[in-house]
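Reading through the structure tokens given below for one structure.
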Amino acid sequence: MGYRVPMQTLAVDHPLVAHKLTTLRDVRTDSPTFRRLADELVTLLAYEATRDVRVAEVTVQTPLADAPGVRLASPKPLVVPILRAGLGMLDGMTRLLPTAEVGFLGMIRDEGTLQAQTYATRLPDDLSGRQCYVLDPMLATGGTLAAAIQLLIDRGATDVTALCLLAAPEGLKYLEAVFEGTNAPIRVVTAAVDSHLNEQGFIVPGLGDAGDRLYGVV
Ligand SMILES: O=P(O)(O)OC[C@H]1O[C@H](OP(=O)(O)OP(=O)(O)O)[C@H](O)[C@@H]1O
Ligand SMILES: O=c1cc[nH]c(=O)[nH]1
Ligand SMILES: [Mg+2]
């Protein structure tokens, strides 16, 4: 029997995170500003989300002496943005993890049933031993993120961290229930856990439709 690993959620408590999130939420914030703030915010979240990223010890020479240090280790971490809205978090993440590889998942939530459908998958076949970082700004019902994490686990991933700009308590509870008792530690790093979901499955107070605010209503 596998041991139980509770899901860990970290809401990053930092004034700069709160400052950027406040402007992201503001309905008056236009798309160019929204894209810039999402990019800046994910870099702050990534700093916390990568605390356990694997490194290897190295020695470099300074102009004065040898200095012990570390470099990002192999195998390379995998970053997986969930299209569309997760693309708005990709550059901010890879800026901190420049050696990471990038896989892609295209997923859309049916606005009637709130069920997630996968329309694109481009991932390495074997994810065993890889640290995986999933990017999706909104964790609402949790259906999209649960399906994405399951796809990674099906390919052997055992170390998955999701970065979300906002999370709803309902979605966090759903993820906990889905992955309870799996061997894979699941971590969620978010800028805030909001109040609740409304009847349309939107996070309240939230920031609206993240994909539309990043890229327009298409
Ligand atoms: O937790 P859930 O209830 O599953 O909802 C969250 C999902 O909904 C949004 O995507 P959307 O379906 O709007 O696609 P988009 O990114 O292309 O706009 C969001 O970016 C998440 O992927
Ligand atoms: O509040 C929400 C919920 C799902 N998707 C979004 O973009 N926003
Ligand atoms: Mg959307």
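First listed ligand is number 1; within each ligand, the first listed atom is number 1.
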- Which segment of Thr144 sits under 4.0 Å of ligand 1 when only heavy atoms are counted: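 It is both backbone and side chain that touch ligand 1.
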
- Message: With a heavy-atom distance limit of 4.0 Å, tell me whether Ala140 approaches ligand 1 through its side chain, its backbone, both, or neither.
- Response: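 Answer for Ala140: both.
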
Answer yes or no: is there a side-chain heavy-atom contact under 4.5 Å between [X] and [Y]?
X: Leu166; Y: Leu207; answer: yes
X: Asp136; Y: Met107; answer: no
X: Met93; Y: Tyr133; answer: yes
X: Arg155; Y: Thr121; answer: yes
X: Leu96; Y: Thr43; answer: yes
X: Leu87; Y: Tyr215; answer: yes

- Task: In plain terms, say whether Asp30 and Arg36 are close enough for a salt bridge, that is, a side-chain N and a carboxylate O under 4.0 Å apart.
- Result: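 No.
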
- Query: If you measure from the Lys or Arg side-chain nitrogens to the Asp or Glu carboxylate oxygens, is any gap between Arg130 and Asp159 under 4.0 Å?
  - Reply: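 Result for this pair is no, no salt bridge flagged.
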
Number the atoms of ligand 1 from 1 as they appear, then name those within less than 4.0 Å of a heavy atom of [X], with their elements.
X: Ile108; result: 12 (O)
X: Gly211; result: 18 (O)
X: Ala85; result: 16 (O), 20 (O)
X: Arg84; result: 15 (P), 16 (O), 17 (O), 18 (O)

- Query: Is the closest heavy atom of Leu114 to ligand 1 under 4.0 Å?
  - Reply: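 No, Leu114 has no heavy atoms under 4.0 Å from ligand 1.
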
- Query: Within less than 4.0 angstrom of ligand 1, does Gly142 place any heavy atom?
  - Reply: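 Distance cut 4.0 Å: Gly142 passes for ligand 1.
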
- Does Arg51 make a cation-pi contact with Tyr47 (under 6.0 Å, within 45 degrees of the axis)?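 Yes; both conditions hold, so Arg51 lies above the ring face of Tyr47.
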
Below 4.0 angstrom from a heavy atom of [X], which ligand 2 atoms are there? Numbered from 1 as shown, please.
X: Ala210; value: 6 (C), 7 (O)
X: Gly201; value: 3 (C)
X: Ala140; value: 3 (C), 4 (C)
X: Gly208; value: 1 (O), 2 (C), 6 (C), 7 (O), 8 (N)

- From Thr161 atom OG1 to Gln8 atom CD, the distance as rounded to the nearest 0.5 Å: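 It comes to 8.5 Å.
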
- Query: Does Arg109 come within less than 4.0 Å of ligand 2, judged by its heavy atoms?
  - Reply: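 Yes, Arg109 has a heavy atom closer than 4.0 Å to ligand 2.
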
- Does ligand 2 have any atom sitting under 4.0 Å from a heavy atom of Pro137?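 Judged by the 4.0 Å heavy-atom criterion, Pro137 does not count as contacting ligand 2.
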
- Option passing side chain to side chain contact (heavy atoms under 4.5 Å, CB included) with Met89 (candidates Val42, Leu214, Ile82):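 Only one of Val42, Leu214, Ile82 forms a side chain to side chain contact (heavy atoms under 4.5 Å, CB included) with Met89, namely Val42.
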
- Task: Can you spot which of Val102, Leu97, Leu127 makes a side chain to side chain contact (heavy atoms under 4.5 Å, CB included) with Leu78?
- Result: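 The residue from Val102, Leu97, Leu127 that satisfies side chain to side chain contact (heavy atoms under 4.5 Å, CB included) with Leu78 turns out to be Leu127.
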
Considering heavy atoms of the protein only, find what lies nearest to [atom] and give residue, atom and distance to 0.1 Å.
atom: atom 19 (C) of ligand 1; answer: Asp136 OD1, 3.5 Å
atom: atom 2 (P) of ligand 1; answer: Thr141 OG1, 3.4 Å
atom: atom 13 (O) of ligand 1; answer: Asp209 OD2, 3.9 Å
atom: atom 12 (O) of ligand 1; answer: Arg109 N, 2.7 Å
atom: atom 2 (C) of ligand 2; answer: Phe202 CD2, 3.4 Å

- Message: If you apply the rule salt bridge (Lys or Arg N to Asp or Glu O under 4.0 Å), what do you find for Lys20 with Asp39, and how did you get there?
- Response: CA-CA 10 Å; Lys20 290 177 197 303; Asp39 176 83; over 6 Å; no

- Is there at least one pair of N or O atoms, one from Ile203 and one from ligand 2, spaced under 3.5 Å apart?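 Yes, since at least one N or O of Ile203 sits under 3.5 Å from an N or O of ligand 2.
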
- 4.0 Å protein heavy-atom contact status of atom 10 (O) of ligand 1, strictly under: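 Looking at atom 10 (O) of ligand 1, one finds that no protein heavy atom lies closer than 4.0 Å.
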
- Option set Gln117, Met107, Met138, criterion heavy-atom distance to atom 6 (C) of ligand 1, minimum: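 Selected option, by shortest heavy-atom distance: Met138.
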
